[in-house]
Participant: 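Structure incoming, see below.
Along the sequence shown, residues carry numbers from 1.
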Amino acid sequence: MAGHSKFKNIMHRKGAQDKKRAGLFSKLSREITVAAKMGMPDPDFNPRLRAAVNAAKAQSVPKDNIQRAIDKASKGDAENYEEIRYEGYGPGGVALIVEALTDNRNRTATNVRTAFAKNGGNLGASGAVSHGFERLGLIEYPGSAGSADTVFEAALEAGADDVESDDDSHAIWVAMENLHPVARELEKTLGEAEGVKLAWKPGIKAEVGEDDARTLLKLIDVLDDDDDVQTVWGNYEIPDAVMEKLS
């Protein structure tokens, strides 16, 4: 297992997402609906749905919203969402993977391509950057779940492969096939996770300077604002000193 790193720079800053709560609720609800439609509408028998519901609860999505999202799928009222992955390069040559759930492939592709083009990046073909990432399971806990050592020991005991901790969060990495079994084990000691999902972990991180970081974060903000975009993954690492200047 590895030690600690600034995982907050791998995914986009949660603080920015908090300012867009309505949009975040919509994205979480969409994932719930898709998960419920793909399997049973009962979280106890549908690991993806259970993970989606727990993620929604962690962001304080009201119970009524969660139930409505499940009911849309079980009643056949849901749109037909398609899971699509886009890959490209951001400012400074940073590799980005954009995951979307969309009911209109052409609209989403146009929006993502435009976002890259207007913010110092360029969209690539499928597989352009994903070879530099590993597809793994990711279990996320807030910093309040315990100290780095406590979480490390719990993760080791549960069968995780790697842990990255900072003051704000803990990221626990597992093999894809072990994601839900390990998450269930961790619940016994750490409680419900903030997030349980499949993720893209970069093999090598690229440190980004101030100018590129400013444009990169703008690009990610534009992508995050798109209702169809669920998650933006990247191999960038922004030094704390640079983040402080940009905050």
Side-chain angles (χ1 to χ4, degrees), residues 6-31 33-34 59 79-136 138 195 197-247:
K6 295 294 183 183
F7 178 72
K8 60 189 175 186
N9 283 332
I10 306 268
M11 277 186 66
H12 188 39
R13 302 152 296 159
K14 288 183 180 175
Q17 291 179 335
D18 290 341
K19 296 174 186 174
K20 309 166 186 173
R21 189 149 295 274
L24 182 58
F25 279 15
S26 174
K27 292 173 193 283
L28 291 166
S29 295
R30 186 176 294 195
E31 169 62 19
T33 298
V34 169
Q59 294 295 339
E79 296 86 348
N80 289 314
Y81 291 116
E82 184 180 4
E83 294 182 272
I84 304 177
R85 183 176 83 236
Y86 302 95
E87 303 181 29
Y89 294 94
V94 164
L96 295 174
I97 296 176
V98 180
E99 293 182 316
L101 282 175
T102 180
D103 58 355
N104 187 324
R105 175 188 280 261
N106 291 335
R107 177 192 67 219
T108 309
T110 299
N111 290 348
V112 170
R113 188 177 295 108
T114 300
F116 271 84
K118 289 187 174 181
N119 295 282
N122 55 290
L123 199 58
S126 178
V129 303
S130 55
H131 58 82
F133 292 75
E134 191 175 0
R135 189 65 161 160
L136 295 170
L138 173 62
K197 67 188 80 171
L198 292 177
W200 294 95
K201 185 180 183 184
I204 299 175
K205 298 171 191 172
E207 188 169 300
V208 184
E210 184 177 345
D211 289 342
D212 284 336
R214 181 179 288 107
T215 311
L216 173 64
L217 293 178
K218 185 181 177 186
L219 167 58
I220 295 171
D221 275 336
V222 172
L223 290 168
D224 272 342
D225 281 341
D226 191 300
D227 290 340
D228 297 334
V229 172
Q230 291 293 103
T231 318
V232 181
W233 304 95
N235 68 343
Y236 60 93
E237 189 159 40
I238 304 172
D240 287 345
V242 172
M243 283 298 290
E244 286 173 12
K245 288 182 180 180
L246 299 177
S247 297

Participant: Begin with the C-alpha distance, continue with both residues' side-chain angles, and end with the deciding distance and a verdict on salt bridge (Lys or Arg N to Asp or Glu O under 4.0 Å) for Asp221 and Lys218.
Facilitator: CA-CA 5 Å; Asp221 275 336; Lys218 185 181 177 186; over 6 Å; no

Participant: Do the side chain of Gln230 and the main chain of Lys27 share a donor and acceptor less than 3.5 angstrom apart?
Facilitator: yes

Participant: Just verifying a value: how many Å separate Leu28 CG and Glu31 CD, rounded to the nearest 0.5 Å?
Facilitator: 8.5 Å

Participant: Could you tell me which non-hydrogen atom of Pro91 sits nearest to which non-hydrogen atom of Asp212, and how far apart they are?
Facilitator: CB-O, 3.7 Å

Participant: Tell me the salt bridge (charged side-chain N to carboxylate O under 4.0 Å, His left out) pairs involving residues 123-135, sequence neighbours left out?
Facilitator: Glu99-Arg135

Participant: Distance check, rounded to the nearest 0.5 Å: Ile238 atom CD1 versus Glu210 atom CD?
Facilitator: 11.0 Å

Participant: Report the residues that fulfil side chain to side chain contact (heavy atoms under 4.5 Å, CB included) with Thr108, sequence neighbours left out, ordered by chain and then residue number.
Facilitator: Tyr86, Ala100, Thr102, Val112, Asp228

Participant: Please report the interatomic distance OG1(Thr215) to CG(Leu219), rounded to the nearest 0.5 Å.
Facilitator: 9.0 Å

Participant: State, to 0.1 Å, how close Tyr236 and Ile220 come at their nearest heavy-atom pair, and which atoms those are.
Facilitator: OH-CD1, 3.4 Å

Participant: Quick one: closest heavy-atom pair of Glu87 and Ser130, and the distance?
Facilitator: OE1-N, 2.8 Å

Participant: Restricting to non-hydrogen atoms, name the atom on Asp103 and the atom on Tyr81 that form the minimum distance, rounded to 0.1 Å.
Facilitator: N-CD2, 3.7 Å

Participant: Please give me the minimum heavy-atom distance between Leu223 and Ala115, naming the atom from each residue.
Facilitator: CD2-CB, 3.8 Å

Participant: Could you tell me which non-hydrogen atom of Tyr89 sits nearest to which non-hydrogen atom of Val129, and how far apart they are?
Facilitator: CZ-CG1, 3.4 Å

Participant: Any heavy-atom pair between the side chains of Asn235 and Trp200 that's under 4.5 Å?
Facilitator: no

Participant: Just wondering, do Arg107 and Asp227 contact through their side chains at under 4.5 Å, heavy atoms?
Facilitator: no

Participant: Leu216 versus Leu96: any side-chain heavy-atom pair under 4.5 Å?
Facilitator: yes

Participant: Working to the nearest 0.5 Å, report the span between OG1 of Thr231 and CG of Asp224.
Facilitator: 8.5 Å

